[in-house]
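Note sheet for the following structure.
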There are 4 protein chains.
Amino acid sequence: MPTVTWSRLGGERRSAVVDAAEAEFAAHGFSGGSLNVIARRAGVAKGSLFQYFADKRDLYAYITDVGSQRVRDYMEYQIHELEPDRPFFEFLTDLLDVWVAYFADHPRDRALHAASSFEVDTDARVSVRAVVHRHYLEVLRPLVHAARTRGDLRPDADIDALLSLLLMLMPHLALAPYVRGMDPVLGLDELSSEQPILVVRRYVAVLSAAFGSTNPSHRTTTIAQGEAHG
Amino acid sequence: MPTVTWSRLGGERRSAVVDAAEAEFAAHGFSGGSLNVIARRAGVAKGSLFQYFADKRDLYAYITDVGSQRVRDYMEYQIHELEPDRPFFEFLTDLLDVWVAYFADHPRDRALHAASSFEVDTDARVSVRAVVHRHYLEVLRPLVHAARTRGDLRPDADIDALLSLLLMLMPHLALAPYVRGMDPVLGLDELSSEQPILVVRRYVAVLSAAFGSTNPSHRTTTIAQGEAHG
Amino acid sequence: MPTVTWSRLGGERRSAVVDAAEAEFAAHGFSGGSLNVIARRAGVAKGSLFQYFADKRDLYAYITDVGSQRVRDYMEYQIHELEPDRPFFEFLTDLLDVWVAYFADHPRDRALHAASSFEVDTDARVSVRAVVHRHYLEVLRPLVHAARTRGDLRPDADIDALLSLLLMLMPHLALAPYVRGMDPVLGLDELSSEQPILVVRRYVAVLSAAFGSTNPSHRTTTIAQGEAHG
Amino acid sequence: MPTVTWSRLGGERRSAVVDAAEAEFAAHGFSGGSLNVIARRAGVAKGSLFQYFADKRDLYAYITDVGSQRVRDYMEYQIHELEPDRPFFEFLTDLLDVWVAYFADHPRDRALHAASSFEVDTDARVSVRAVVHRHYLEVLRPLVHAARTRGDLRPDADIDALLSLLLMLMPHLALAPYVRGMDPVLGLDELSSEQPILVVRRYVAVLSAAFGSTNPSHRTTTIAQGEAHG
DNA sequence: AATGAATGAGGGTTCATTCAT
DNA sequence: TATGAATGAACCCTCATTCAT
């Protein structure tokens with residue numbers, strides 16, 4: 001946790017440190033990130049970093065906390081805008097489009113997300129992932145439950161399996177377009193910028209087929225998506 | 001790529017280097033692994049490593065190549081034993097059980113797999129993942145195609161989406177039981193040793209529902225699996 | 001020397017600083033002690049320490065002054081209780097027993113004493129030892145002179161040599177039971193808790209033989225002590 | 001223990017490192033000594049020190065080992081020259097004169113001895129003192145036993161107490177003339193260069209009175225010394 | 001072909017002290 | 001008077017790589 005000194009800090013100095021640290025950790029992760037570099041880029045004495053944070057790990061935790069909260073805030077706002085009461089897989093498609101677009105437009109958040117996923121230091125990775133996973137689940141679980149209540153999911157749908165898959169698919173969709181070799185099948189990491197939109201639909205089609213109710217009134221979307229690939 | 005000197009090297013010296021390097025990279029990843037340590041453990045001069053490999057990265061690539069090839073060889077043998085001509089999702093269940101068991105029994109391969117997944121160094125990670133993905137696909141794609149040909153998959157099944165999901169699920173199943181916080185939903189990282197078996201069935205049930213043919217003769221397995229959770 | 005600000009300070013704040021500084025210097029000595037830690041433990045701003053004392057060295061000198069004065073006060077009270085008019089070496093034996101017991105019961109004073117003895121910083125060590133030595137001599141010299149006047153010492157006894165030896169023996173007796181390797185001959189640093197008592201008697205026997213009057217009326221004790229070792 | 005690299009090292013580089021390290025540790029002790037400074041003064045890369053020694057502690061142990069062995073070698077040679085079969089306290093007087101003179105002439109050995117005595121780091125101090133004490137005892141104990149055998153000591157003399165006192169007196173004699181405030185009684189730390197010679201005789205007189213045989217044939221020396229102080 | 005000594009930048013962290021508020 | 005943020009040098013140690021032998 002940041003020190004009280006940090007909480008009392010002027011906005012300019014604060015954001016200089018945050019900016020420098022985000023950039024550095026995004027680029028090299030926790031283990032690879034250098035406090036020397038962060039201090040230099042922030043125009044701050046190296047010792048000052050230790051006035052604000054207990055140690056490197058503390059700074060890293062703060063940076064990733066702030067970052068993942070920022071993403072969550074954005075997504076919750078978007079969820080509200082996207083009318084989550086619509087048929088679930090239709091809504092999910094739009095949601096994932098927004099998700100993909102967000103990371104396309106925010107390279108630093110993307111890099112931060114990637115860095116946390118690929119961190120070598122077990123403790124650092126575990127604690128960061130715990131936070132990120134909590135955010136994911138606190139947002140997604142209510143949506144999924146509501147969908148089941150509405151009848152958009154099969155009565156016997158394995159909801160936890162659905163959440164588990166979303167927890168793999170969402171980082172994949174966010175990062176794969178920017179990491180060579182990460183998606184060797186669906187071609188997310190190719191140049192064509194419309195790819196992600198197609199891939200979203202293909203994944204949603206799978207989820208819809210697996211978890212969606214057979215109620216015909218909801219199948220329109222799914223069938224359309226089923227034809228999206230070729 | 002290893003140098004010609006390496007190719008001319010006696011088997012004993014070779015395996016000493018490979019053993020030491022595998023152990024070190026498994027324990028600390030590429031960035032964290034130390035050539036000093038590897039040379040010492042292998043009983044080889046530090047400089048010799050640079051006679052055999054261009055640099056650290058080159059050695060790392062070689063080690064992961066060897067390791068992933070070893071896993072592939074094992075899996076191909078097992079696939080043959082498991083009679084891949086059976087109904088696909090029944091076979092897939094057994095295959096994933098074997099997969100999970102392999103990594104449970106081979107901590108070094110598991111650690112190597114994990115290290116490559118969590119590598120911070122982007123280039124190192126990308127090049128290793130490319131190799132690993134190639135292995136996965138060269139093994140899985142024929143199986144999936146055969147399944148479709150046999151009619152185990154729906155005619156319109158999105159085969160690439162299936163492969164893409166398997167490429168996420170298989171590392172997840174291999175590593176999650178040993179990496180705290182990696183699976184916050186299905187509880188793979190809990191103590192109970194029968195968990196992975198259940199989780200395999202839940203995932204297969206999903207895949208079966210999404211991609212499986214509606215041919216009633218194949219549904220037995222799926223339905224049973226559908227009841228496994230709850 | 002403490003500043004005037006310090007002299008005007010409320011008792012509570014004063015003792016908070018003294019307590020924290022004593023604990024820290026006792027634990028880590030002058031060079032190793034940290035002003036950061038002292039300020040934090042005392043609940044006082046780091047800057048305040050510099051309002052009260054010129055610098056670290058000044059604070060350290062003050063703390064050791066206070067500590068050695070405390071020990072001296074205790075010992076002077078005990079000397080009075082022990083009836084210093086008795087035959088000198090009998091009295092000295094009891095005095096050293098009390099001395100040893102005091103440091104056994106007061107780990108902080110012991111640690112402070114040890115820290116000052118083992119201080120690497122020459123100036124810090126010298127100035128502290130000067131104070132400590134002054135205390136020792138102001139207390140011991142009158143006792144020794146009185147003993148000679150009474151005839152407990154040989155007329156030609158080299159009184160300064162006796163004092164010089166006491167100045168070595170007393171710290172040794174106080175610290176050796178708690179500092180491994182400090183006494184490789186007499187085994188003061190062994191577990192048996194009766195050791196110090198025996199060692200005191202062996203040293204006093206030596207001093208008695210060297211400095212004691214040959215007056216038979218005083219030899220009882222000495223002879224008994226001479227037999228204490230085996 | 002130094003590495004094999006160190007043992008294979010050319011004499012010039014070796015002595016550059018030894019010289020620099022001795023000077024630094026003599027000046028600031030183990031805790032206070034800086035590897036940066038040692039490397040710079042030796043004209044050697046910082047990293048090279050770690051090719052020669054496992055860590056700072058290892059280097060320190062080596063330096064103090066070499067230093068204390070050097071002093072012991074010198075003293076053993078001198079002991080042989082001084083005819084140790086003479087009456088013990090006469091011999092001891094000469095021995096201590098030589099001892100005092102050695103440290104007067106070898107400021108670096110003196111500083112090293114002092115630094116080891118005053119080391120704050122408990123482990124470092126303990127291990128160094130153990131070596132030094134062993135040297136002292138291996139040299140002194142045979143001399144003392146021979147003296148008793150010859151009848152120079154009282155039959156009931158507490159030999160361990162004698163050794164214990166010598167272990168305090170010898171460092172004191174070596175260092176006190178150069179450390180202000182170390183000897184506030186006998187004035188060893190005064191300018192007059194003949195002081196140490198007198199102090200040696202006063203201490204020997206005490207030891208002779210305490211431990212010496214009453215055999216009149218041996219008292220000549222003692223009595224003469226007894227008159228040395230005034 | 002094999003060696004292993006030498007390099008020196010860089011790692012995170014602590015520290016006593018200053019000084020504007 | 002009290003504060004505590006800011007400083008930046010210094011700490012020990014590790015590292016991949018080079019190159020003369």
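Residue numbers start from 1 in every chain, and the chains themselves are labelled A, B, ... in the order their sequence lines are given, proteins ahead of strands.
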**OP:** Determine whether the side chains of C:S127 and C:R57 contain a donor N or O and an acceptor N or O closer than 3.5 Å.
**Re:** no
Original post:
Does the side chain of A:N36 get closer than 4.0 angstrom to OP1 or OP2 of E:dG11 through an N or O atom?
Top reply: yes
Original post:
Looking at F:dG4, F:dA10, F:dA16, which one has an atom nearest to any side-chain atom of A:K46?
Top reply: F:dA10
Original post:
Nearest-Å distance, CD1 (C:I38) to P (E:dA16)?
Top reply: 8 Å
Original post:
Quick one: which of E:dA16, F:dT17, F:dA2 gets closest to the side chain of B:F50?
Top reply: F:dT17
Subject >> Aromatic ring pairing A:W6/A:Y62, orientation class (parallel under 30°, perpendicular over 60°, tilted between) >> reply: perpendicular
Subject >> Residues B:T3 and B:Q51: side-chain donor-acceptor under 3.5 angstrom >> reply: no
**OP:** Please report the C-alpha distance between A:T64 and A:F25 in whole Å, then the side-chain angles of each, then the deciding distance to 0.1 Å, and finally whether the side-chain contact (heavy atoms from CB on, under 4.5 Å) criterion is met.
**Re:** CA-CA 9 Å; A:T64 52; A:F25 286 134; over 6 Å; no
Subject >> Under 4.0 angstrom between C:Y52 side-chain N/O and F:dA2 OP1 or OP2 >> reply: yes
Original post:
Is D:T5 near enough to E:dG4 that one of its side-chain N or O atoms lies under 4.0 angstrom from OP1 or OP2?
Top reply: no
Subject >> Contact under 4.0 Å: B:R13 side-chain N or O vs E:dT3 OP1/OP2 >> reply: yes
Original post:
Quick one: is B:S34 getting a side-chain N or O under 4.0 Å of the F:dT14 phosphate, OP1 or OP2?
Top reply: no
**OP:** Compare the minimum distances between each of E:dA16, E:dA5, E:dG12 and the side chain of A:K56, then state the nucleotide with the smallest one.
**Re:** E:dG12
